[in-house]
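Input: a single structure, listed below in structure tokens.
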There are 2 protein chains.
Amino acid sequence: MSVGRQQPGKRAATQADVARYAGVSGAVVSYVVHNGPRPVSPETAARVREAIRVLGYRPNASAAALRTGSSKLLGLVLPEFDNSIWADLAVAVSDCANARGYDLITASSGGDVTLEQQHIQSLSGRQVEGLLVTCVEMIDPAIDGVADIPTVLLNVFSDAPGVTSIGVDARQGAIDGVEHLLSHGYDTVGLIAHRGIDLREEGWRQVREAPLGPIERDASTRQGGYDAARRMFGSPDRPRSVFVCSDMQAVGCLRALWELGLRVPDDVAIVSFDGTVDSRFTAPPLTAVQQPIATMARIAVDLVLDGPVNGVHHRVVEPTHLVIRESCGC
Amino acid sequence: MSVGRQQPGKRAATQADVARYAGVSGAVVSYVVHNGPRPVSPETAARVREAIRVLGYRPNASAAALRTGSSKLLGLVLPEFDNSIWADLAVAVSDCANARGYDLITASSGGDVTLEQQHIQSLSGRQVEGLLVTCVEMIDPAIDGVADIPTVLLNVFSDAPGVTSIGVDARQGAIDGVEHLLSHGYDTVGLIAHRGIDLREEGWRQVREAPLGPIERDASTRQGGYDAARRMFGSPDRPRSVFVCSDMQAVGCLRALWELGLRVPDDVAIVSFDGTVDSRFTAPPLTAVQQPIATMARIAVDLVLDGPVNGVHHRVVEPTHLVIRESCGC
DNA sequence: CTGAAAGCGCTTACAG
DNA sequence: CTGAAAGCGCTTACAG
């Protein structure tokens with residue numbers, strides 16, 4: 001059984017071990033591992049490859065990184081993991097990174113600016129070649145002090161000079177979602193919002209002069225959406241429809257409505273924001289303003305790797321896309 | 001504005017830069033950064049700290065890793081990310097790692113054994129000090145060849161000598177879930193299972209001599225659960241209750257039942273396996289056999305870091321815990 | 001086509 | 001309490 005061969009304390013083979021075994025110099029080992037930059041005769045290359053196989057040699061990435069200054073590592077900092085939108089982003093970024101030969105270190109700040117700052121410092125110490133940061137706060141001082149690392153802010157709308165950011169037009173997305181509900185003839189559109197400032201909330205306010213309905217703010221979690229919905233729909237003057245600022249909150253909202261015996265979309269119509277896989281499998285499936293996560297991930301990775309990034313104000317805004325499912329009553 | 005200070009091309013400060021600025025040797029810089037192992041006078045230390053601050057010095061982790069042989073990096077390989085149970089595991093492992101001063105590189109194999117193998121090789125090249133692997137196959141040859149890295153298999157039930165693994169008693173968990181349904185007096189208990197061999201399926205079979213109900217196998221995703229449920233509950237001889245082998249599949253199943261106009265638990269009672277946060281916020285919330293993910297993550301991290309691990313057959317089995325919610329009809 | 005050697009940025013005995 | 005120096009394992013001009 002192959003796994004049985006695991007033994008404790010075995011020292012990893014080095015380039016020098018391979019060179020000795022194959023009777024060549026370390027340089028040649030490097031040449032065959034990287035297929036260059038100098039040519040190697042087929043016979044020698046074969047001997048080296050055999051030695052690599054026999055000794056189980058894997059080049060020490062730290063040594064290579066130190067020598068070349070290239071760690072082949074990207075860093076991703078997220079507010080939290082327990083939210084499909086960030087989990088989706090992590091997957092998408094990881095895939096893009098891998099496709100370009102990079103590994104990804106992901107760190108979650110739990111919404112704590114201090115922790116976020118620590119992670120960024122730690123990642124920069126690891127000489128990551130690019131840093132993707134989804135800030136806890138709109139513009140975050142933590143990205144300061146890592147000026148030597150190409151950084152892009154994700155899902156944040158910074159107009160600061162010298163900062164590159166990418167995100168959707170959340171205000172317009174919210175407007176699209178709210179107007180879709182209005183187009184169904186619902187007289188009121190409540191809002192379940194995040195805590196803190198949010199362009200989605202601004203979008204909702206902007207659709208009409210007068211408020212469209214009640215607003216409840218809570219955490220961007222299932223529980224937050226649940227609590228907000230219990231408050232909003234527990235009273236008799238509940239709105240006829242609601243725009244929810246994240247899929248996570250919408251999942252909690254759906255659960256609250258179910259408990260209250262309110263049917264979706266018959267009693268309450270819902271449109272949510274994010275369009276993660278969660279929104280496709282609720283009952284009923286959620287009509288949602290979809291963020292193009294995969295596209296944003298790809299652009300962000302390309303940006304940090306191919307720049308220009310730092311010191312350049314570059315602001316990529318991707319459009320959202322309303323996906324009609326059943327929760328809106330279409 | 002602090003972020004405005006980002007400039008392109010700035011070279012990161014090195015230990016030598018700090019030493020020069022503070023008028024000390026590199027050794028002293030190292031001593032104050034690590035608070036040892038040699039003492040430094042308070043005045044000198046203060047000067048060094050000032051230099052570090054001014055120059056924005058962050059020690060090069062690659063150089064330190066190369067010198068000490070300790071990368072302070074852990075590796076986690078998962079089948080896929082788009083499943084709450086793995087996302088939860090990634091969070092839990094990341095937290096444990098961070099608490100011990102380690103960063104985590106997470107790689108997802110997408111269920112592909114070749115890709116899994118590549119990731120393991122890549123991670124081992126990065127000199128990760130521990131490797132946590134959730135195998136695509138029950139016992140995986142890919143963990144071979146990295147004998148110098150402490151490795152533990154997660155959520156896998158290997159009796160192979162020389163392999164350390166940790167997971168729940170899935171067979172017993174399934175038995176508990178199925179028996180709970182039977183205790184409600186339901187005459188049939190269907191099974192929505194994973195593809196491939198699965199101890200949960202064995203547990204379900206083991207409860208009675210005769211089959212308890214129909215079985216449908218599909219992917220461990222929301223879509224897989226949805227498809228399986230459509231097949232199982234689309235026919236008139238549908239079971240009165242069902243045990244679903246993962247929360248993801250249960251979410252899809254709930255959606256299918258909703259489409260078919262079947263109420264939970266009145267028409268169909270459900271118990272699922274995993275107990276992730278998803279199971280708490282479905283409508284109705286799912287009674288579930290809960291895996292102690294945080295506990296397993298902690299034990300796994302402690303094992304790879306404090307061993308003994310490789311070459312030792314050590315098999316940690318954690319109990320599951322049935323969490324009663326509403327989908328079972330209690 | 002191949003080898004000897006420098007140097008990436010650290011940490012840590014060793015000497016003072 | 002501090003410094004000079006070796007060496008971790010690579011990659012890459014440079015010389016042959």
Side-chain angles (χ1 to χ4, degrees), chain A residues 11-49 51-52 55-73 101 122 124-129 148-149, chain B residues 11-49 51-52 55-73 101 122 124-129 148-149:
Chain A
R11 182 180 128 297
T14 68
Q15 187 187 75
D17 297 329
V18 174
R20 199 174 311 117
Y21 189 97
V24 297
S25 72
V28 172
V29 176
S30 177
Y31 299 153
V32 347
V33 166
H34 297 97
N35 222 349
R38 306 278 88 215
V40 177
S41 76
E43 300 75 36
T44 309
R47 260 197 349 271
V48 170
R49 266 188 274 275
I52 288 173
L55 301 177
Y57 169 66
R58 288 149 289 135
N60 182 317
S62 294
L66 176 58
R67 173 61 226 236
T68 62
S70 157
S71 64
K72 289 289 181 179
L73 230 32
S122 163
S124 69
R126 291 199 184 276
Q127 320 300 121
V128 296
E129 292 177 55
D148 48 320
I149 298 176
Chain B
R11 185 181 127 293
T14 68
Q15 186 188 75
D17 296 329
V18 174
R20 199 174 310 117
Y21 189 98
V24 297
S25 73
V28 172
V29 175
S30 177
Y31 299 153
V32 347
V33 166
H34 297 98
N35 223 353
R38 307 277 86 218
V40 176
S41 75
E43 301 75 36
T44 309
R47 252 187 8 260
V48 170
R49 266 188 274 275
I52 288 173
L55 301 177
Y57 169 65
R58 288 147 290 136
N60 182 318
S62 294
L66 177 58
R67 172 60 225 233
T68 63
S70 158
S71 64
K72 290 287 183 183
L73 230 33
S122 162
S124 70
R126 291 199 184 277
Q127 320 299 120
V128 296
E129 292 177 54
D148 47 319
I149 299 177

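Chain letters run A, B, ... following the sequence lines, proteins first and then strands; every chain starts at 1.
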Using the side chain to side chain donor-acceptor pair (under 3.5 Å) criterion, which residues pair with A/S25? Sequence neighbours excluded. none

Side chain to side chain donor-acceptor pair (under 3.5 Å) involving B/T68 - partner list, sequence neighbours excluded: none

Distance in Å, B/Q15 CD paired with B/I52 CD1, rounded so as to fall on 0.5 Å steps: 9.5 Å

Gap separating the OG1 atom of B/T14 from the CG atom of B/N60, nearest 0.5 angstrom: 9.5 Å

Nearest-nucleotide wise, let me know which of A/P37 and B/S41 is further upstream toward the 5' end of DNA chain D. B/S41

Find which nucleotide of DNA chain D each of B/V28 and B/A63 is nearest to by heavy atoms, and output the residue with the more 5' nucleotide. B/V28

How far, in whole Å, is C/dG9 from C/dA13 if one measures between their P atoms? 23 Å

Say we look at C/dT12 and C/dG16: how far apart would their C1' atoms be, to the nearest angstrom? 16 Å

Would the distance check show the side chain of B/S71 and the main-chain N or O of B/Q127 forming a donor-acceptor pair, the cut-off being under 3.5 Å? yes

Pairs meeting criterion salt bridge (charged side-chain N to carboxylate O under 4.0 Å, His left out) with involvement of residues 17-37 of chain A, two or more places apart: A/R11-A/D17, A/D17-A/R20

Please work out if A/A64 contacts a base, only the sugar-phosphate, or nothing of the nucleic acid, heavy-atom cut-off 4.0 Å. sugar-phosphate

For A/V29, answer base if it contacts any base atom (sugar-phosphate contacts may also be present), sugar-phosphate if it contacts only those atoms, and nothing otherwise; contact means non-hydrogen atoms under 4.0 Å. nothing

Heavy atoms of chain A, cut-off under 4.0 Å: which first and last nucleotide of DNA chain C, 5' to 3', fall inside that, if you could look? C/dC1 to C/dG9

Output all residues satisfying side chain to side chain contact (heavy atoms under 4.5 Å, CB included) with B/A61, sequence neighbours left out; order by chain, then residue number. A/R126

Fill in the dot-bracket string of DNA chain D, one character per base: . for unpaired, | for a pair to another strand, ( ) or [ ] for pairs within the strand, taking Watson-Crick or G-U pairs under 3.5 Å. |||.||||||||.|||

Residue whose nearest DNA chain C nucleotide is more 5′ - A/T44 or B/H34: A/T44

Decide yes or no for A/I149 and A/E129: does some side-chain heavy atom of the first lie under 4.5 Å from some side-chain heavy atom of the second? no

